[in-house]
Amino acid sequence: MTSPTPDHSSTKSMDDIVALCRRRGFIWQSSEIYGGINGFWDYGPLGAQLKKNLKDAWWQDIIKTPPAGPDGNDLDIVPVDCTIIMHPKVWEASGHVGGFNDPMVDDKETKQRFRADHLHALFAENKGAFDNPQTVQAWRDGRIKVLPHLTVVANGIGEAVAMIKGNSKSLKPFRYVEDFGDLEDGYAIKLVDKDNNTVMGVVYPVDQEILKSDIANYPSPFTGKRGTLTEPRMFNLMFVTYVGALQDEDSKAYLRPETAQGIFTQFWNVVDTSRVKVPFGIAQVGKAFRNEVTPRNFTFRSREFEQMEIEFFIRPETAAEWYQYWRDTRYAWWQSIGLAGANLQLREHDKEELSHYAKEGAGVCDVEYRFPFTAPGFGELEGIAHRSDFDLKAHATACGKGEKMMYRDPVTNEKFFPHVIEPSAGADRGTLAVLCEAFTPTPGRAGTQYMMRFTPRMAPIKAAIFPLVNKDGMPEIADKLYRQLRYKYVIETDAKQSIGKRYARMDEAGTPYCFTIDGETAANQTVTVRDRDTAEQSRINIDQVESFLAEHIGS
RNA sequence: GCGGGUGUAGCUCAAUUGGUAGAGCGUCAGCUUCCCAAGCUGAAUGUUGCGGGUUCGAGUCCCGUCACCCGCUCCA
């Protein structure tokens, strides 16, 4: 086992980790020979095996041998493997398209976001700027400048006027008197100022071009303060593609930003075909895509990444219990694969940072790892969220069948939309955390500068078989042992160069054990076992190598 | 998206006011070698991130671009 460092921010440099990943073939930049492409990463031979070990461990522990539930009975979790491209309506129903294909403005102070074309403003000035049509026209033509008095977010001019009239506080120092009537694109209202002078006010949707250049003069619709709004920006977090040879609006589709929606849309088929009943889980491993604004920190925020997701369907009233259960279970799982120290933590979210689907739920938490680049802070590995019945309900509504799609409890015949607890883990982030945790500088050690102390279950290479020298029958014995073991384990053999160099290379690859055939082997059928972490050797019978691995690595 | 920095062999780094792109390590091959990047001999490796410009001549100066790093921003 590795002995975890309490805080490796001072001892581990991300640059060194990235360099080792590159040099030894764990992780490379995608399309490197063309200069790379921002936010995309490839796994080399050692990295591909490492990531596979992580995903295999997850698959084993979730689907093949799921843990026991709160009542002591094994959970029922079945896998699916859904497509990356789905019907575009999936993403409308899930809420991914709605708010994110339009120019959006953020209020930096309140962190609220709204569609730029929903912003309406009231223009009014003390000096009676709008008391005649000519002045209004002059303003509309841009010949005179009038700053907006206040703004509101509204779906249409009527709603905007109603909101403005209804909020006497933000209207100050003006007071609403009466409607004046429709203008060409806007609406005029009569106001009075504090000296009871009549002031004409006009409400218009904010011109998008003016908003872009003059955003600093527009008060926040939430606080009334100027200077806290960001420029309108297109938030298109989803990758767009086109299905079929014709590229037009009708053929537009998206690469999924999360694997979860495949599970939700096939929930009914799973129920109909798999003899599962609530509570049960559906799990999936697969790629997802997000057009991140700033991909950074090595593979941590990649635009193409792989998720390991469970949607665990439950009765609504049991949400709190199951949320607790999955929180604790998933935290323990990450510990079990080698992230056992103080670099791993569980963090409950504050209510304010919750997503749209989780506002009213039993909770959301993250399993977080202290990466060298986040230290002393932490970065998310897995989020566990109570998503309520948001998604099933949304899809039932969007596809038009509505309550007919409610789940029927086969025992009680009750009909309801199950709630869901979603433990959603990042395979790439998990791999990166395992890499960072394993990375160990070895300043006092001969040969290697660094070694990788993977837990045996994660190690890309489980053992190496070396002939001590490349003659005297040793290579033949090594080759025989290698061929015998490689059916069960990832094993390497190497006869070239000095034994020290070969050990050192295995230390860097994180191989837990090396078996060496030496002069004694032919005589008494024993080999040496070298332990990666201590560099100490012991001698075992060559017939016991396989059982040694079974005991120390698992099968 | 904004500001700053960096970019020479797989890695670490050299290269005189602008004047022939090199070294160590690693890698590979052969020999040697009975336990920790050991030794000997040899070999391969670059349009100096990419593209323009200035110049008789650019790794070096200028512009653009790409990637990475740091700080903002962003991260339903």
Side-chain angles (χ1 to χ4, degrees), chain A residues 13-16 18-25 28-41 44 91 94-101 104 106 108 111-114 230-238 257-258 260 290-298 300-303 305 353-359 364 366 373 379-380 383 385 387 390 442 445-451 464 466-474 494-508 514-523 527-532 534-539:
Chain A
S13 132
M14 202 58 210
D15 286 346
D16 291 341
V18 172
L20 183 134
C21 283
R22 184 172 147 64
R23 185 159 48 84
R24 290 310 311 262
W28 297 312
Q29 223 185 338
S30 169
S31 320
E32 193 184 281
I33 60 169
Y34 290 101
I37 175 165
N38 200 352
F40 296 88
W41 301 89
W91 307 111
S94 68
H96 286 84
V97 170
F100 291 90
N101 268 335
M104 305 292 288
D106 288 298
K108 284 184 259 190
K111 305 281 181 204
Q112 296 195 75
R113 174 176 295 158
F114 57 90
T230 63
E231 264 186 46
R233 290 172 292 191
M234 289 300 285
F235 273 80
N236 200 346
L237 118 144
M238 283 194 291
E258 61 176 22
R290 293 183 195 182
N291 231 335
E292 299 287 355
V293 177
T294 310
R296 208 170 271 192
N297 287 329
F298 205 27
F300 184 77
R301 182 167 288 136
S302 299
R303 289 182 162 137
F305 58 100
E353 61 179 306
L354 296 187
S355 305
H356 58 85
Y357 53 74
K359 286 280 185 210
V364 176
D366 287 341
F373 52 79
E380 177 188 354
R387 284 177 82 130
F390 177 92
T442 52
R445 196 147 145 161
T448 49
Q449 258 190 296
Y450 312 108
M451 63 187 291
F466 296 144
L468 183 58
V469 294
N470 197 13
K471 61 176 186 181
D472 301 338
M474 295 179 206
D494 185 3
K496 297 288 180 65
Q497 299 185 311
S498 74
I499 190 70
K501 197 173 280 194
R502 285 177 279 166
Y503 286 148
R505 275 198 287 247
M506 283 301 149
D507 287 345
E508 254 187 5
C514 295
F515 299 97
T516 302
I517 283 78
D518 61 12
E520 284 185 48
T521 305
V527 297
T528 61
V529 188
R530 173 186 177 275
D531 180 276
R532 175 195 65 200
T534 62
E536 283 169 6
Q537 286 178 294
S538 55
R539 190 163 272 277

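So you know, we letter chains A, B, ... as the sequences are listed, proteins then strands, and number each from 1.
Across all strands, Glu536(A) comes closer than 4.0 Å to no nucleic acid atom at all (heavy-atom distances). If you check every strand for non-hydrogen atoms under 4.0 Å, Met474(A) touches a base.
Across the protein-nucleic acid pair, Phe373(A) atom CZ and G71(B) atom P stand 12 Å apart, rounded to whole Å. Here C50(B) presents its P atom at 13 Å from CD of Glu32(A), a figure rounded to the nearest Å. Rounded to a whole Å, the CD atom of Gln29(A) is 10 Å from the C1' atom of G49(B). One interatomic measurement links the two molecules: CG of Asp15(A) to C1' of G5(B), which rounds to 13 Å at whole-angstrom precision. Rounded to whole Å, atom C1' of C35(B) lies 15 Å from atom CG of Asp472(A). Atoms CZ (Arg24(A)) and C1' (A37(B)) sit 11 Å apart, rounded to a whole Å. Look at CZ on Arg303(A): it is 17 Å from P on C74(B), rounded to the nearest Å. Going from atom CZ of Arg387(A) over to atom C1' of A76(B) covers 10 Å, rounded to whole Å.
With RNA chain B read from its 5' end, the first of the two nearest nucleotides for Gln537(A) and Gly39(A) is the one closest to Gln537(A). Sequence order on RNA chain B of the closest nucleotides to Phe298(A) and Glu520(A) puts Glu520(A) first from the 5' end.
Residues Glu508(A) and Leu20(A) have side chains in contact (heavy-atom distance under 4.5 Å, counting atoms from C-beta outward). Side-chain contact between Trp41(A) and Arg303(A) is absent, with no heavy atoms from C-beta onward closer than 4.5 Å.
Of the candidates C36(B), C34(B), A67(B), the closest approach to any side-chain atom of Ala535(A) belongs to C36(B). Ranking C35(B), A37(B), A76(B) by closeness to the Glu258(A) side chain, first place goes to A76(B).
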(message) For nucleotides 27-33 of chain B, give me one character per nucleotide, 5' to 3': B if any protein heavy atom sits under 4.0 Å from the base, S if the only such contacts are to the sugar-phosphate, - if neither.
(response) SSSS--B

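G10(B) and U47(B) have their P atoms separated by 8 Å, with the value rounded to a whole Å.
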Nucleotide N/O to protein N/O under 3.5 Å, stretch nucleotides 8-13 of chain B:
{"from": "G10(B)", "atom 1": "O3'", "to": "Arg22(A)", "atom 2": "NH2", "distance (Å)": "3.2"}
{"from": "C11(B)", "atom 1": "OP1", "to": "Arg22(A)", "atom 2": "NE", "distance (Å)": "3.1"}
{"from": "C11(B)", "atom 1": "OP1", "to": "Arg22(A)", "atom 2": "NH2", "distance (Å)": "2.9"}

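Salt bridge Asp494(A)/Lys501(A): absent, no basic N to carboxylate O contact under 4.0 Å.
In terms of phosphate contacts, Asn38(A) brings no side-chain nitrogen or oxygen within less than 4.0 Å of OP1 or OP2 of C66(B).
For C36(B), the base has a donor-acceptor partner in the side chain of Arg530(A) [N/O atoms by modelled type, under 3.5 angstrom].
The shortest non-hydrogen separation linking Arg505(A) to Lys496(A) is NH2-O, 4.3 Å. Shown here for Arg530(A) and Asp507(A), the closest heavy-atom pair between the two residues is NH2-OD2, 2.8 Å. Counting all heavy atoms, side chain and backbone alike, Glu258(A) lies closest to His96(A) at OE2-CE1, 3.6 Å. Smallest separation of non-hydrogen atoms from Ala495(A) and Pro467(A): CB-CG, 3.6 Å. When every heavy atom of Gln29(A) is checked against every heavy atom of Ile37(A), the shortest pair comes out as NE2-N, 4.2 Å. What you find for Cys514(A) and Phe466(A) is that their closest heavy atoms are SG-CE1, 3.8 Å.
With values rounded to the nearest 0.5 angstrom, Ile499(A) atom CD1 is found 9.5 Å from Asp518(A) atom CG.
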(message) Both atom distances under 3.5 Å, Watson-Crick or G-U wobble: I'd like the secondary structure of RNA chain B as a dot-bracket string, with | for pairs made across strands.
(response) (((((((..((((.....[..)))).(((((.......))))).....(((((..]....))))))))))))....

(request) Please report the C-alpha distance between Phe300(A) and Phe373(A) in whole Å, then the side-chain angles of each, then the deciding distance to 0.1 Å, and finally whether the ring-ring contact (aromatic ring centres under 6.0 Å, His included) criterion is met. (result) CA-CA 10 Å; Phe300(A) 184 77; Phe373(A) 52 79; 5.6 Å; yes

